[in-house]
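To keep things clear, I will list the structure first and then write my remarks on it.
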Amino acid sequence: MADEQGLTPRAQDFSAWYNEVVLRAELADYSPVRGCMVIRPYGYGIWENMQRALDGMFKATGHQNAYFPLFIPMSFLEREKEHVEGFAPEVAVVTHAGGKELEEPLVIRPTSETIIYAMFAKWVQSYRDLPLLINQWANVVRWELRTRLFLRTAEFLWQEGHTAHASEAEAEEETLRMLGVYREFMDDWMAMPPVLGRKTESEKFAGALRTYSCEALMQDNKALQAATSHNLGQNFARQFELKYQTVTGGEDYAWNTSWGASTRLVGGLVMTHGDDVGLVVPPQLAPIQVVIVPIYRSEEERTQTLGAADQVAAALRAQQVRVHVDARDTVKPGAKYFEWERKGVPLRLEIGPKDLERGQVMAVRRRELEGLARKEPLPMDAVATLVPQRLGEFQRALLEAARRRREENSYRGIESYDRFREIVEGPGGFIYAGWCGSAACEAKVKEETKATIRCLPFEEFRTPEAPTRCLVCGGEAKHEAVWDRAY
RNA sequence: CGGGGCGUAGCGCAGUCCGGUAGCGCGCCUGCUUUGGGAGCAGGAGGUCCUCGGUUCGAAUCCGAGCGCCCCGACCA
């Protein structure tokens, strides 16, 4: 670290900065097991808020939670060819249990399509049993060679939605609906606005017909795939005999979708809003939205300011504000400021003798954002109404700032491959360019620049004037693609 | 799995080249004074120097092997 109290500046070493923020804000810690991490209470608090929000949205769109086992028979995974090929290198396998070698090895789920659709097959007989809309919150294991806190760990927490439908159109609608849910979550809760689009064949989920994703742009201008939604077609249904009787009495395989988002989102949050002081958590997801720091000298002042702090806290809690009073007597106010800023608490209220005299509290925002004063006094008797407003403003300003940063670092109308390379190898960012649709052109760019097609963006994200030529071969452009290096 | 770096007190590090029995800052504990942006003074606790083996009268230091972690690359939510 640059010095013992500050962090390595982002501009100097983004990667080091990221690790330091995660550790120093007490989001997570390294575990004794290589590639795994311990999510600490503060980090888990953010994840719990994410879960709560997403879970509510899943329920609102008709899904129910269930839980499927961690262990999957090896033979299940092997049934879908593309699927097993995609995951084989990274699965962990249990070969021994109960002191004996198992007859059939058990895979620790890298994802649960196989076991879930095997169960769906038992539960679905008729079109009347469809759609079946299930979600599970679970841990999964993917034995990655190279890991990073939150962004890629051997074990991670996520949710995986799995649905079965009676028609391809319905499955496609569901796939896009859930992509939209993720988008709404990222906009409204995380203030991390994604670009939506379809994945290319080489980037799609192993076993899917089509994959869609939400791609967010981090502060180092690398892309983060933040959520994916897959139309699985009938691929898994065929392998697991997930059949149903149609309205007309015939028989057909069900159409499946799956969609997921993981604790990786926490890493995205850090890399979207954090600054050189530390973490910045959007109010909607902050475990602590407001921290109150009393300031005093004498014992009498201590009693008074702490009393006022408790009163303000109670008034805010009545407004559903998550508030913490830092009443520690052994730490000076300045030290508390730094600590809570490092942890990204959106709003701090300072209450000292001078404030009490004036009947006010001093409010300080975590980050300076356009149009919003960093410090302002709030009348004591209006705190309960003003603080929720300030939190809302801060949330909106974070989204606005993130959106602006994304657009400022997006490049459109790039036609020359040399120019493309200049951007990728220089500042980086989302590069919109034409693509002929050939895997060869896609692979060439990846090999030469490490940039990949993050997605083929949906209409609303596309450039008004569609590219006509493929960035790589100069042939006719079939799509506009968003390229970038990615996490 | 290749390249680089690093393993010494809870954290960050010095000491290693040139062997002589372990130190600095932060943090922690006690007391007093402090408290509006990382407090001061005094006292104190805390270390199998990653592991194993070798060389030596003597190893944190030299030699060999192994393990672990971080960063960069190939593969990936």
Side-chain angles (χ1 to χ4, degrees), chain A residues 1-8 13-20 23-24 29-37 85-91 110-111 139-160 182 199 202-206 211 213-216 223-230 258-268 277-278 293-299 301-302 305 326 328-342 348-357 361-362 364 374-375 377 446-447 450 452 485-487:
Chain A
M1 273 167 222
D3 70 75
E4 278 160 15
Q5 297 184 322
L7 302 169
T8 300
D13 185 343
F14 192 79
S15 192
W17 168 83
Y18 174 81
N19 285 329
E20 289 167 18
L23 295 171
R24 301 271 305 274
D29 203 350
Y30 293 105
S31 87
V33 181
R34 189 195 117 82
C36 295
M37 70 169 179
E85 281 172 3
F87 284 103
E90 55 194 49
V91 290
T111 179
N139 58 337
V140 286
V141 168
R142 296 180 189 177
W143 213 256
E144 301 289 350
L145 297 172
R146 194 172 153 208
T147 56
R148 303 203 54 192
L149 294 167
F150 286 111
L151 300 173
R152 175 165 297 104
T153 47
E155 178 191 5
F156 57 93
L157 306 183
W158 77 346
Q159 58 68 217
E160 46 182 326
Y182 290 130
K199 286 291 190 181
S202 72
E203 297 275 333
K204 75 170 191 193
F205 176 74
T211 290
S213 73
C214 291
E215 301 284 331
L224 183 78
Q225 178 176 304
T228 49
S229 188
H230 317 289
S258 70
W259 25 276
S262 72
T263 38
R264 167 179 257 202
L265 290 173
V266 178
V277 174
V293 178
I295 296 152
Y296 50 82
R297 288 165 193 272
S298 64
E299 190 55 34
E301 282 176 356
R302 191 174 98 95
T305 54
D326 190 346
R328 287 175 298 174
D329 195 31
T330 50
V331 182
K332 298 213 322 181
K336 293 179 183 178
Y337 300 166
F338 280 101
E339 184 175 330
W340 295 113
E341 283 175 5
R342 194 188 310 134
R348 173 175 77 236
L349 300 181
E350 307 170 6
I351 304 181
K354 290 175 200 162
D355 298 306
L356 291 183
E357 265 174 45
V361 303
M362 188 59 75
V364 185
R374 176 157 152 81
K375 267 182 126 154
K446 183 174 180 180
E447 187 168 330
K450 296 177 187 80
T452 50
R485 289 180 178 162
Y487 276 98

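What you see below is based on every heavy atom in this structure, not just the backbone, and it leaves out hydrogens, waters and symmetry mates. Chain letters run A, B, ... following the sequence lines, proteins first, then strands; residues in each count from 1.
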Q: Return yes if the base of G37(B) and the side-chain atoms of E350(A) contain a donor-acceptor N/O pair under 3.5 Å, otherwise no.
A: no

Q.
Between the base of G36(B) and the side chain of R348(A), is one N or O donor paired with an acceptor at under 3.5 angstrom?
A. no

(Q) Need one value for Y30(A): base, sugar-phosphate or nothing, where a base atom within 4.0 Å counts as base even if backbone is also close, heavy atoms only. (A) sugar-phosphate

(Q) Tell me the interatomic distance from E144(A), atom CD, to A74(B), atom C1', rounded to whole angstroms. (A) 13 Å

Q. Under 4.0 Å between a side-chain N/O of R297(A) and OP1 or OP2 of U35(B), yes or no?
A. yes

Q.
Can you classify the ring geometry of F156(A) versus W158(A) as parallel (below 30°), tilted (30 to 60°) or perpendicular (above 60°)?
A. perpendicular

Q | Nearest-Å distance for atom pair CZ/C1', residues F338(A) and U35(B) | A | 15 Å

Q. Between G35(A) and T153(A), which has a closest nucleotide on RNA chain B that is more 5'?
A. G35(A)

Q) Is R264(A) paired with E144(A) through a side-chain N to carboxylate O contact shorter than 4.0 Å? A) no

**Q.** Sidechain N-carboxylate O distance under 4.0 Å for R302(A), E299(A)
**A.** yes

Q.
What is the separation between atom NZ on K332(A) and atom C1' on U33(B), rounded to the nearest whole Å?
A. 11 Å

Q.
What's the gap between G40(B) and U48(B) when it is taken at their C1' atoms, as a whole Å value?
A. 37 Å

Q: Specify the separation, in whole Å, of atom CD of E339(A) and atom P of C11(B).
A: 18 Å

Q. Does a nitrogen or oxygen in the side chain of N19(A) sit under 4.0 Å from OP1 or OP2 of C71(B)?
A. yes

Q | Base-pairing mate for G68(B) - Watson-Crick or G-U, with both contacts under 3.5 Å | A | C6(B)

(Q) I'd like the P distance from C49(B) over to G23(B), given in whole Å. (A) 14 Å

Q: To the nearest Å, give me how far apart CG (N139(A)) and C1' (A77(B)) are.
A: 14 Å

Q | d(CZ, R342(A); P, G38(B)) in whole Å | A | 14 Å

Q. Are E215(A) and K199(A) within salt-bridge range, i.e. N to O under 4.0 Å?
A. yes

Q: Once you apply the 3.5 Å cut-off to both distances, tell me the Watson-Crick or G-U wobble partner of C32(B), or none.
A: G40(B)

Q | Nearest to side-chain heavy atoms of K450(A), which nucleotide of U35(B), A74(B), G37(B) | A | A74(B)

Q) Any donor-acceptor pair under 3.5 Å linking the side chain of E341(A) with the backbone of V277(A)? A) no

Q) If you check the R142(A) side chain, which of C71(B), A77(B), U35(B) turns out closest? A) A77(B)

Q. Would you say a side-chain N or O of K375(A) is under 4.0 Å from OP1 or OP2 of G37(B)?
A. no

Q. Separation of W17(A) atom CH2 from C71(B) atom P, in whole Å?
A. 15 Å

Q. Nearest of U35(B), C71(B), G36(B) to any side-chain atom of Y296(A)?
A. U35(B)

Q: Determine the interatomic distance between C1' on A45(B) and the same-named atom on C29(B); round to the nearest Å.
A: 7 Å

Q: Rounded to the nearest angstrom, tell me the gap between atom CG in L145(A) and atom C1' in C69(B).
A: 16 Å

